[in-house]
Amino acid sequence: ESDVRQLIDALKAEHHKARHFCYAWRLGLDANLYRANDDGEPSGTAGRPILGQIDSFGLTNVFIVVVRYFGGTKLGTSGLIQAYKESAQEALNQALNRAIIIEKRIETTLEIVCEYAAVSPVLNALKRTEGRVIEQDFGMNIRFLFSIPLDDIAAFETLLNDISRKLYIK
């Protein structure tokens with residue numbers, strides 16, 4: 001988010017005769033951070049159509065800037081919306097043809113303290129839910145710190161409940 005101003009300034013230096021640097025971005029795993037900027041175009045005619053394309057592609061951690069030079073022809077409100085929408089759509093299509101989309105599963109950490117007899121069943125339950133061991137400590141009680149996909153946590157806890165009542169989940 002803090003890099004946006006620097007990127008816009010660099011584009012303005014590169015395209016010093018352009019009139020408008022309209023942009024939109026969406027950030028974060030939950031995609032709640034976003035911004036759309038019309039940069040002097042009529043309200044809602046530039047940033048929103050760009051953001052709409054980011055959303056229609058289902059992307060996050062994306063920043064799109066459309067640089068527009070005024071060529072003497074007024075496009076009107078609907079023309080501007082269409083131009084910015086199509087520009088963002090074409091940029092995303094070209095980028096996706098050359099790029100790899102990385103999908104990341106949201107994970108959470110879970111600490112398990114158990115007796116030695118429960119170690120093997122706990123690790124088997126972890127395998128079944130695509131989790132991974134981050135830390136382990138084989139002291140008087142065995143302590144594991146797991147990273148597990150958030151959507152697998154309920155299944156993992158069900159498996160643990162079936163293993164033993166001596167398991168303590170923190």
Side-chain angles (χ1 to χ4, degrees), residues 1-111 125-135 144-159 169-170:
E1 186 175 355
S2 62
D3 295 336
V4 168
R5 186 77 253 151
Q6 290 176 359
L7 293 167
I8 295 293
D9 289 344
L11 284 170
K12 284 183 177 183
E14 184 179 343
H15 300 278
H16 53 86
K17 291 184 180 180
R19 290 263 181 98
H20 302 282
F21 297 82
C22 303
Y23 64 86
W25 51 260
R26 185 169 293 283
L27 300 174
L29 295 174
D30 57 6
N32 282 339
L33 289 173
Y34 66 92
R35 186 87 59 239
N37 186 302
D38 295 318
D39 191 37
E41 296 285 21
S43 181
T45 61
R48 280 281 173 201
I50 296 168
L51 184 62
Q53 289 305 299
I54 292 171
D55 293 344
S56 72
F57 278 75
L59 300 173
T60 187
N61 297 334
V62 175
F63 174 52
I64 297 175
V65 180
V66 177
V67 178
R68 186 167 93 85
Y69 289 78
F70 181 67
T73 304
K74 294 193 179 217
L75 300 175
T77 302
S78 62
L80 286 169
I81 292 169
Q82 192 65 26
Y84 283 105
K85 175 186 170 192
E86 288 177 3
S87 296
Q89 184 179 46
E90 183 62 25
L92 287 169
N93 280 330
Q94 286 185 26
L96 294 175
N97 286 335
R98 290 179 275 153
I100 297 170
I101 295 177
I102 299 170
E103 290 189 33
K104 295 185 177 182
R105 293 177 77 181
I106 300 172
E107 295 186 346
T108 189
T109 56
L110 182 65
E111 182 180 26
L126 184 68
K127 276 185 187 177
R128 291 175 61 186
T129 56
E130 298 183 32
R132 61 187 168 83
V133 177
I134 298 173
E135 288 179 18
F144 291 104
L145 188 61
F146 298 123
S147 178
I148 188 165
L150 201 54
D151 53 348
D152 287 342
I153 195 74
F156 183 67
E157 287 177 340
T158 299
L159 290 169
I169 300 176
K170 292 183 182 178

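Values below: all heavy atoms of this structure, side chains included; hydrogens, waters and symmetry mates excluded.
Closest approach of S147 and I134 over heavy atoms only: CB-CD1, 3.4 Å. Residues A88 and V66 share a closest heavy-atom pair of N-CG2, 4.5 Å. Here the closest non-hydrogen pair linking T60 and G28 is OG1-O, 2.7 Å. Between F156 and L110, the shortest heavy-atom contact is CE2-CD2, 3.2 Å. G44 and D38 get closest at one heavy-atom pair: N-OD2, 2.8 Å. The two residues R26 and L59 come nearest to each other via the heavy atoms CD-O, 3.9 Å.
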Output, in order, the C-alpha distance, side-chain angles, deciding distance and verdict of side-chain contact (heavy atoms from CB on, under 4.5 Å) for Q6 and D9. CA-CA 5 Å; Q6 290 176 359; D9 289 344; 5.7 Å; no
Run the side-chain contact (heavy atoms from CB on, under 4.5 Å) test on V67 and E14 for me, step by step, so that the C-alpha distance in whole Å, both residues' side-chain angles and the decisive distance to 0.1 Å come before the verdict. CA-CA 10 Å; V67 178; E14 184 179 343; over 6 Å; no
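Here the CH2-CD1 distance, from W25 to I54, works out to 10.0 Å after rounding to the nearest 0.5 Å. Rounding to the nearest 0.5 Å gives a distance of 14.0 Å between CG of L159 and NZ of K127. Rounded to the nearest 0.5 Å, atoms CD1 (I106) and CD1 (I148) are 14.5 Å apart. With rounding to the nearest 0.5 angstrom, the CD1 atom of I8 is 11.5 Å from the CG atom of D3. Separation of atoms CG (L33) and CG (N61) is listed at 9.5 Å; rounding is to 0.5 Å. Distance OG1/T45 to CD1/I50: 9.5 Å, rounded to 0.5 Å.
Among the candidates H15, H20, R19, the single residue satisfying the side chain to side chain donor-acceptor pair (under 3.5 Å) test with Y69 is H15.
Using modelled atom types, no side-chain atom of N37 and backbone atom of G47 make a donor-acceptor pair closer than 3.5 Å. Side-chain N or O atoms of T108 include none that pairs as donor or acceptor with a backbone N or O of L150 at under 3.5 Å. In terms of modelled atom types and a separation under 3.5 Å, the side chain of S56 and the main chain of Q53 share a donor-acceptor contact.
Between Y23 and F63, the ring planes are perpendicular. Angles over 60° get that label, and only those under 30° would be called parallel.
The shortest side-chain heavy-atom distance between T129 and P149 does not fall under the 4.5 Å cut-off. Contact annotation: the side chain of R68 approaches that of L80 to within less than 4.5 Å [non-hydrogen atoms, C-beta and beyond].
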